Amino acid sequence: VFMCVSLSLTTSFWFSFINNALVFQRRTMVGVLILWGTSEKVQGKASKLWLQPLNETFLQTGVFPSGFLWGVGTVAFPTEGSWDADGKGESVWDRFTRHTDPSSDSYIQWEEDLESVRYLGVNFYSFSLSWTRIFPDGNVKAHPNPAGVQHYRRLIGKLKELQVEPVVTLFHWDLPQVLQERFGGWLNQSTADVFADYTAFCFRTFGAEVRYWITMHNPFLLAIQGYGTGAHGPGVTGDPADPFIAAHNLLRAHAKAWHLYDKHFRRHQRGNVSITLGSHWVEPLHGQAMPTNLELCQKAMEAVIGWFAEPIYGSGDYPESLKASHRGVIPEFSAQERLWIKGTTDFFSLAFGRETLRVGQGLARFGQTVKLDLRSVLVWVQQTYSDPQLLLAESGWFTDASVGVQDTKAIYLMKRFIMQVMQAVSVDGVRVFGYTAWTLLDGFEWNHGYSIRRGLFYIDFSKPERRRLLKTSAHFYRRLVRDNGFPAENTPHIEGRFPCDFQFGVSESVHLRPFSPQFTDPQLYRWNLSGDGALSPVMGILLHTRPVQCTDFLFIQRHLFLLGVTGSAHYRFALDWTQLSPGGDPEKVRFYRCVLMELQRRGIRPVVTLYHPSYRSPSLGLPEALHADGGWRNASAVEAFVSYAAFCFHKFGDFVSTWITVNEPNRLTEAYTEDRNLLLAHVKAWRIYDERFRQKQGGAVSLAIHADWVEPADPFLESHKSAQQQFLAFEVGRFLDPLIGNEGCGNGFSNAERVEFKGALDFIALNHFTTRLVAPWENAKPQKPEHGCALMTDVTWPASHLRQALVPWGLRRMLGWVRDRYGDRLPIIVTATGVDDQAVHDDQLRQSYIRSYLQEALKARELDGVNLRGFYIWKLQDHHDLRFGLFSSAAHHSRPKASVSLYRDIISHRGFPSAADLRPLTCRDADSGTSCELCTRIAENKPLLFFSVWSVHFQRFWKDYCFKHRKTCRNKVDQSGHN
């Protein structure tokens, strides 16, 4: 379930985590008892969350409201240590863990802790009091322990000096062991009475300087794990009713504390009191929002957070689903108690952490999925409990114990949670007023001990000094607190137009197949001879056939008609090397000449790729004989390619002004693990063109490099910044450096070859799709990839169905890097860029992609001075599934998607003009066949008609259109008005 996080942790750790989450033994029985009994219908607004998913947002930047509170938290037992120092008594967790070692040693090093808090720049510090440090045996009637009281007075006083607000939790699971032995702990109502006395002392002693009190932290886990499964202290197991009795008394204890504060302290201290409740989030399997599934999801939420929230924030009683499932087991509140418990809180305090989700995993039965979706939990609380003010009292994840100060993956999990909070605040209107990063320090993590880490500061538990060392996640959180969120680092939307010579185009990998069914069958047929509607051949009669003509290739007309609808004046496609070779089938040559002639007639300029590797082909698009002979590993492939290139230049060069020799050779090397022969093939083909064809044809030749941008995964580490440059030099530099003449041309080339390479490029062609994160490879001897880097994805970036991240600013940074490395002598063309989108028509993801990536392209030109000359969308048409195409596949009637109209509109305006000047920009070259009323109608998703049965209205429209546009339609209208 949790592997949905794109930032995967180490494999061994995930196996361990999943194993721990699923192996519940007798614990699972309790979880099942809690949730599954009857199937009473669940009511409430919140159940609509699974029917109507939250508004999808591409929000990646933004700041929180002014006055938003940022904090960090710790807990007494995992961090303080000194379990019996200065008169402290024994807690149930001391007994449960057999008196653990000094842990983080925070009782001694509390000033170092506050220095760490000061470094982060947070507004508040959340910590818990150790009950047994103040009252060693829990008995408030006895004298308090002066050392304990003095410790917390110093801590709170120093926080106030630092202008950091203390948020104090009165009870975080460490019940005095004496109370467990005397009363049975929380199974006895008397413990609630003692707790009330303890809280009154704390309010009286510390309350003058404390504005925010938490009575107890996540009672759900204490009830289930402490009194059900035995996984937590005090480790009680056996009676299925025990978790419910413990929860009942915990709720009573909370209510007593709140009423005490409200009656005796609020007027003078003016503080706020709440209880922190934990939650998970569940969704139906595969998103199947059937009524039964919705009911089970709602029950799962009510069985965790609703168990405690409904009595306090809702009806004053337990959820109906919980009571129906456990009649005779779950205690009942009297009518008076329900009124007394209801409303005993001043704000909603929420914990969203690893342990609640892990336990909630045991409740996700019948195909539910537990998800790391904090935003949905926040909205569920908002809709279920009348939109309360809300504090995130615990939010964070964990790393493996082996992770040191470089906890890069923790950064992106933290960023994910905080981004979800920002979306809940800004998009959904949830009234979150504060966020607590969990936790300040590595510590003894309850039943997990030292096997996991959760702190922003690292502690080496093998050393007695327990020094606090900054993790990179602490750097990240400090910057986030300073910025109050994620302010936009990039230039906002700009207005402007691309020049008339800028190439707006469409790019495709598909090889146009030379096929025509017309005039090739010599057989004569008779129709419906037997009344069955079939064609029957007439034996003994053969007709004369004629050679194929351009008008016979109906595919050409259909395909280029779609291209015209986009408004593009440039089209990049690939020749099929397997179909073309010197001395090969002349019909194949004729077909491609027909394509090029039709493009010329329509005023569309071709960009032709000689070799576009096809990973669906066993031979990778090479002729079979070459592939069988080792492909690009064999030098013979170089000579064969040069011969093929010269043939194509000769046959098609009069129609082609722009050539791409090889598409993405840096991707092809993943199959061949070397690039020498690929570079040689390009250089020799370029030299052939330069020496034999350039003077007459006047074209330009390049090769297209796959050029996705990478950001350092951890921007606070120099090693990650070095990995970024190492990766870019490997991906892009190893091909462009030898051609443009930078020093450091490797690959074992001779000096003569280096001289031949230099300058063998007329423009820089880049295929750019996304941005990723890069880090140094962690293994000592990386076998793959060759660049020696690890790649990952920021889980907060919007992503497509195929998990392609949308990071528009990555294109601008990639263009800037190329400009800085190679200068601006050579123009740059983005020869392919696009994203998959599953939408049938309203492809909002692709529309956002086109608009935002073209914006960044404009910024690169206008603001950064990049010599950018073209932008080609990938690609024209889907072939089977809904993926990258601007049009659906022919099997789906070649319907235009909404992005066609968007792209056409941007082309017609040559970019993003100001609101005061929205007139389409007319360029002379753009007038030849790209401006078309018919195309505009079709781009708006009008049905497409292709040379089959034409309506009278359509024929008249076309005839009138062609009469007005004789240049476009010359020689194509016969006397009857048909095209």
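Computed from a prediction, not measured in an experiment: that's the story for all the values here.
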Q | Shortest non-hydrogen contact between S376 and L54, atoms and distance | A | OG-CD1, 3.7 Å
Q. When rounded to the nearest 0.5 angstrom, what is the spacing between OG1 in T399 and NZ in K471?
A. 4.5 Å
**Q.** Side chain proximity check, F68 to N123, heavy atoms < 4.5 angstrom
**A.** no
(Q) Angle between ring planes, H172 versus H217, binned at 30° and 60°: parallel, tilted or perpendicular? (A) parallel
Q.
Side chains of W186 and Y227, heavy atoms from C-beta outward: is any pair under 4.5 Å?
A. yes
Q: Measure from the ring center of F433 to the ring center of F347 and say whether it is less than 6.0 Å.
A: yes
Q: Say whether T276 and S349, considering side chains only, have a donor N or O and an acceptor N or O under 3.5 Å apart.
A: yes
Q.
Aromatic contact between H254 and F195, with the criterion being ring centroids under 6.0 Å apart: yes or no?
A. no
Q | Reported CG-to-CH2 distance for the pair N272 and W213, which is rounded to 0.5 angstrom | A | 12.5 Å
Q | Test item: side-chain donor near acceptor, Q298 and W380, under 3.5 Å | A | yes
Q) Does S473 reach the side chain of L456, with side-chain heavy atoms less than 4.5 Å apart? A) yes
Q) If you take all heavy atoms of L378 and A424, which pair is closest and at what distance? A) CD1-CB, 3.7 Å
Q: Answer yes or no: is there a donor N or O on one side and an acceptor on the other, between the side chain of Q844 and the main chain of A839, under 3.5 Å?
A: no
Q | Y261 side-chain N/O to G271 backbone N/O, donor-acceptor pair under 3.5 Å | A | yes
Q.
Quick one, D346 with Q389, criterion side-chain hydrogen bond (donor to acceptor under 3.5 Å, both in side chains). Give me CA distance, side-chain angles, the key distance, then yes/no.
A. CA-CA 8 Å; D346 300 318; Q389 284 198 313; over 6 Å; no
Q. How far apart are the C-alpha atoms of D373 and E283, what are their side-chain angles, what is the distance that settles it, and do they pass the side chain to side chain contact (heavy atoms under 4.5 Å, CB included) test?
A. CA-CA 10 Å; D373 191 347; E283 290 190 353; 4.0 Å; yes
Q: Run through R453, E355, R454 and flag the one making a side-chain contact (heavy atoms from CB on, under 4.5 Å) with H448.
A: E355
Q. Is the count of non-hydrogen atoms from other residues, nucleotides or ligands lying under 6.0 Å from Q838 atom CD greater than 12?
A. yes
**Q.** Test item: L120 and V481 side chains (from C-beta on) under 4.5 Å apart, heavy atoms
**A.** no
Q. Between the side chain of Y435 and the main-chain N/O of L392, is any donor-acceptor distance below 3.5 Å?
A. no
Q.
Centre-to-centre under 6.0 Å for W438 and F417, is that the case here?
A. no
Q. Between E310 and S315, is there a donor-acceptor pair closer than 3.5 Å when you use the side chain of the first and the backbone of the second?
A. yes
Q) Considering only heavy atoms from C-beta outward, does the side chain of L49 approach that of W281 to under 4.5 Å? A) yes
Q | Lys/Arg N to Asp/Glu carboxylate O, K897 vs D837, below 4.0 Å | A | no
Q) What are the two closest heavy atoms between P284 and T369, and how far apart are they? A) O-OG1, 4.4 Å
Q: Grab the two heavy atoms, one from P319 and one from G306, that are nearest each other, plus how far apart they are.
A: CG-O, 3.3 Å
Q: May I have the step-by-step check of side chain to side chain contact (heavy atoms under 4.5 Å, CB included) for L440 and Y125, ending in yes or no?
A: CA-CA 9 Å; L440 179 68; Y125 177 47; 4.0 Å; yes
Q.
Between D262 and T344, is there a side-chain heavy-atom distance shorter than 4.5 Å?
A. no
Q. About how many Å separate CZ of F476 and NZ of K415, when rounded to the nearest 0.5 Å?
A. 6.0 Å
Q. Taking all non-hydrogen atoms of both residues, which atom of A474 and which atom of F457 are closest, and how far apart?
A. CB-CE1, 4.4 Å
Q: Given side chain to side chain contact (heavy atoms under 4.5 Å, CB included), test Y853 with V835 step by step and report yes or no.
A: CA-CA 11 Å; Y853 275 66; V835 68; over 6 Å; no
(Q) Looking at Y849 and D836, would you say the former's side chain and the latter's main chain have a donor-acceptor pair under 3.5 Å? (A) no
Q.
Using the rule given for side chain to side chain contact (heavy atoms under 4.5 Å, CB included), can you reason through I305 versus L350, listing the C-alpha separation, both sets of side-chain angles and the distance that settles it, and then say yes or no?
A. CA-CA 9 Å; I305 187 171; L350 177 69; 3.8 Å; yes
Q: Could you walk me through whether D714 and T472 pass side-chain hydrogen bond (donor to acceptor under 3.5 Å, both in side chains), step by step?
A: CA-CA 7 Å; D714 195 326; T472 52; 2.7 Å; yes
Q. Got a second to check how far E711's CD is from W797's CH2, nearest 0.5 Å?
A. 6.5 Å
Q) Which residue, W307, F348, F308, forms the ring pair (Phe, Tyr, Trp, His ring centres under 6.0 Å) with Y313? A) F348
Q) Any chance CZ of R338 has more than 12 other-residue heavy atoms, nucleotides or ligands included, within less than 6.0 Å? A) yes
Q: Tell me yes or no: between the side chains of T439 and T74, is some donor less than 3.5 Å from an acceptor?
A: no
Q. Any side-chain heavy atom of W446 sitting closer than 4.5 Å to one from V75?
A. yes
Q) Distance from W173 atom CH2 to N218 atom CG, nearest 0.5 Å? A) 5.5 Å
Q) So, does Q368 use its side chain to make a donor-acceptor pair with the main chain of L296 at under 3.5 Å? A) yes
Q) Are H493 and Q855 close enough that some pair of their side-chain heavy atoms sits under 4.5 Å apart? A) yes
(Q) How long is the straight-line distance from OG of S321 back to CE of M301, given to the nearest 0.5 Å? (A) 11.5 Å
Q.
Checking W70 against N484: is there a side-chain donor and acceptor pair closer than 3.5 Å?
A. yes
Q | E320 and K323 ion-paired at < 4.0 Å | A | yes
(Q) Could you tell me if T793 and Y412 have a donor-acceptor pair between their side chains, going purely by distance under 3.5 Å? (A) no
Q | Heavy-atom pair of closest approach, residues P311 and L251 | A | CG-CD1, 4.0 Å
